[in-house]
Asker: 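Here it is: the structure, laid out below.
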Number of protein chains: 2
Amino acid sequence: MLTTLESHKYLRQHSIKPSVQRTAVMDYLMNNRTHPTIDEIYLALCPNMPTLSKTTVYNTLDIFVERGAVRALVIDEKNARYDIDVSAHAHFICRSCGKVHDIFNLKSELFEFPKLSRFSINAVEISYSGICDKCKGN
Amino acid sequence: MLTTLESHKYLRQHSIKPSVQRTAVMDYLMNNRTHPTIDEIYLALCPNMPTLSKTTVYNTLDIFVERGAVRALVIDEKNARYDIDVSAHAHFICRSCGKVHDIFNLKSELFEFPKLSRFSINAVEISYSGICDKCKGN
DNA sequence: TTCTATCTTTGTATTCATTACATTTTAATT
DNA sequence: AATTAAAATGTAATGAATACAAAGATAGAA
């Protein structure tokens, strides 16, 4: 369950120096695959790291995304969300509770980039929305 | 080019009472298919409607989206963007200039909803990102 | 037409995520 | 230990979006 060693390895693989704060954030992302917001990460880590600054969480996720260690999701109009799983998969956001879920096992063709002369595409995001079962009441 | 009559018709089709402001916003969306932000719409209309309030633009687009007359795009982390074309198509955002472009003629399968017991899906958004040709310098 | 009720618009104030930036702390090297 | 660079911190500022109360417009009934 504790994956500090894995975090260190993963950070080094992405040329990110594993400071205490970065390791804590990475541990959190690896153990909580809920596409957390900056605030959720910050609040979760605060109890064990009282001196942690929210700016550090912002900086940390910026560098994670920049180095390709983490994916930033633009699916929730309120906040940015972060996903430790950078493999090809889609997401679902519930319009009622706002939770974001992974959708795996879609055809790989969905994630291919169309060949267009006008643009150089290097990422795709597939986002479904609707109501989750919990919010629908069963 | 002036589409006020079309706007009225389109608004009524979606059960939206065509006030002066709503008609102006709808005209703008029909004539400027650039996925504008609230601010862009507001600034464009201001010269001809000096008393227009930005809150009205927010209210107006909220009702347009609620009634299915317009699609709200979550693709630009800075602002919401609005698209008068509610048919199935994808978008591309340039990471450099921030402009959002339509991508038509993709396979219709891309826009089908996966059948999942956990969620009731009622919308999909396919967003590509990268660099546009203008920003790449040719 | 006038009255009334409802809908729409307006302006201000507030919230809150994100960014900017200067300062302090930490880590690595000589 | 001294030096330097990198990282973390805290505060202030920005700006999109929302809340809300007041003013204005519209439609229907009397």
Side-chain angles (χ1 to χ4, degrees), chain A residues 7-8 11-12 14-28 35-67 69-82 93 95 98 100, chain B residues 7-8 11-12 14-28 35-67 69-82 93 95 98 100:
Chain A
S7 293
H8 274 211
L11 289 171
R12 289 221 190 74
H14 290 87
S15 314
I16 300 164
K17 209 192 285 182
S19 71
V20 175
Q21 291 84 350
R22 289 169 179 178
T23 304
V25 172
M26 186 51 76
D27 280 357
Y28 182 82
H35 318 92
T37 64
I38 291 284
D39 213 55
E40 285 166 356
I41 298 168
Y42 173 71
L43 291 174
L45 299 183
C46 261
N48 296 318
M49 298 185 80
T51 69
L52 181 66
S53 161
K54 200 182 275 191
T55 303
T56 299
V57 183
Y58 274 101
N59 292 341
T60 299
L61 282 146
D62 283 351
I63 196 176
F64 286 3
V65 171
E66 194 186 303
R67 302 280 161 88
V70 160
R71 220 170 114 187
L73 303 184
V74 183
I75 184 173
D76 173 352
E77 55 263 36
K78 303 281 180 195
N79 325 288
R81 292 180 169 276
Y82 297 91
I93 184 165
R95 289 256 155 78
V100 174
Chain B
S7 292
H8 275 211
L11 290 171
R12 289 219 190 75
H14 291 87
S15 312
I16 300 165
K17 210 190 287 182
S19 71
V20 175
Q21 291 83 349
R22 289 169 180 177
T23 304
V25 171
M26 186 51 76
D27 280 357
Y28 182 82
H35 318 92
T37 64
I38 291 285
D39 213 56
E40 285 165 357
I41 298 168
Y42 173 70
L43 291 174
L45 299 182
C46 262
N48 296 316
M49 298 186 80
T51 68
L52 181 66
S53 162
K54 200 182 277 191
T55 303
T56 299
V57 182
Y58 274 101
N59 292 341
T60 300
L61 281 147
D62 283 350
I63 197 178
F64 286 3
V65 170
E66 193 186 305
R67 301 280 160 88
V70 159
R71 220 169 114 187
L73 303 184
V74 183
I75 184 173
D76 173 352
E77 57 263 34
K78 303 280 180 195
N79 324 288
R81 292 181 168 274
Y82 297 91
I93 184 166
R95 289 255 157 78
V100 175

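Because only heavy atoms are used, hydrogens play no part in the values below, and waters and symmetry mates are left out as well, while side chains stay in. Proteins get letters first, then strands, A, B, ... in listed order; numbering begins at 1 in each.
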Asker: What donor-acceptor contacts under 3.5 angstrom involve side-chain atoms of residues 48-59 of chain B, with partners at least two apart or in another chain?
Answerer:
{"from": "S53(B)", "atom 1": "OG", "to": "T55(B)", "atom 2": "N", "distance (Å)": "3.1"}
{"from": "K54(B)", "atom 1": "NZ", "to": "D39(B)", "atom 2": "OD1", "distance (Å)": "2.4"}
{"from": "N59(B)", "atom 1": "ND2", "to": "T55(B)", "atom 2": "O", "distance (Å)": "3.4"}

Asker: For Y58(B) and for K17(B), find the nucleotide of DNA chain D with the closest heavy atom, then tell me which residue's nucleotide is more 5'.
Answerer: Y58(B)
Asker: Round to the nearest Å and state the distance from N59(A) atom CG to dA20(C) atom P.
Answerer: 11 Å
Asker: Along DNA chain D, 5' to 3', what are the outermost nucleotides having an atom less than 4.0 Å from a heavy atom of chain A?
Answerer: dA6(D) to dT18(D)
Asker: Would a 4.5 Å heavy-atom cut-off, applied to side chains only, mark F64(B) and L11(B) as touching?
Answerer: yes
Asker: If the cut-off is 4.0 Å, is Q21(A) near the phosphate of dT26(C), judged by side-chain N/O to OP1 or OP2?
Answerer: no
Asker: If you take any heavy atom closer than 4.0 Å to DNA chain C, which residues from residues 46-57 of chain A end up in contact?
Answerer: T55(A)
Asker: Can you check the K78(A) NZ to dT18(C) C1' distance for me, whole Å?
Answerer: 15 Å
Asker: Output all residues satisfying salt bridge (Lys or Arg N to Asp or Glu O under 4.0 Å) with K17(A), sequence neighbours left out; order by chain, then residue number.
Answerer: none
Asker: Could you state the atom-to-atom distance from CZ of R22(A) to C1' of dT26(C) in whole Å?
Answerer: 12 Å
Asker: Quickly work out the L45(B) CG to dT9(C) P distance and round it to whole Å.
Answerer: 13 Å
Asker: If I take atom CZ in residue R67(B) and atom C1' in nucleotide dT8(C), what distance separates them, rounded to the nearest angstrom?
Answerer: 13 Å
Asker: Can you give the donor-acceptor pairs under 3.5 Å from side chains of residues 74-81 of chain B to other protein atoms, not counting sequence neighbours?
Answerer:
{"from": "D76(B)", "atom 1": "OD1", "to": "K78(B)", "atom 2": "N", "distance (Å)": "2.8"}
{"from": "D76(B)", "atom 1": "OD2", "to": "R81(B)", "atom 2": "NE", "distance (Å)": "3.0"}
{"from": "D76(B)", "atom 1": "OD2", "to": "R81(B)", "atom 2": "NH2", "distance (Å)": "3.4"}
{"from": "R81(B)", "atom 1": "NH1", "to": "H35(B)", "atom 2": "O", "distance (Å)": "2.7"}

Asker: Taking the side chain as C-beta and beyond, is there a heavy-atom pair between I41(B) and T60(B) under 4.5 Å?
Answerer: no
Asker: Rounded to whole angstrom units, what separation is found between the CG atom of L61(A) and the P atom of dT18(C)?
Answerer: 11 Å
Asker: Taking the side chain as every heavy atom from C-beta outward, state whether R22(A) and I63(A) have any atom pair closer than 4.5 Å.
Answerer: yes
Asker: Could you work out, with side chain to side chain contact (heavy atoms under 4.5 Å, CB included) as the rule, every residue matching A44(A), not counting sequence neighbours?
Answerer: Y28(A)
Asker: Just jot down the side chain to side chain contact (heavy atoms under 4.5 Å, CB included) partners of R12(B), sequence neighbours excluded, or say none.
Answerer: H8(B), P18(B)
Asker: In whole angstroms, how far is the C1' atom of dT18(C) from the OH atom of Y42(A)?
Answerer: 15 Å
Asker: Under the side-chain hydrogen bond (donor to acceptor under 3.5 Å, both in side chains) rule, collect the residues that match up with R67(B), sequence neighbours excluded.
Answerer: none
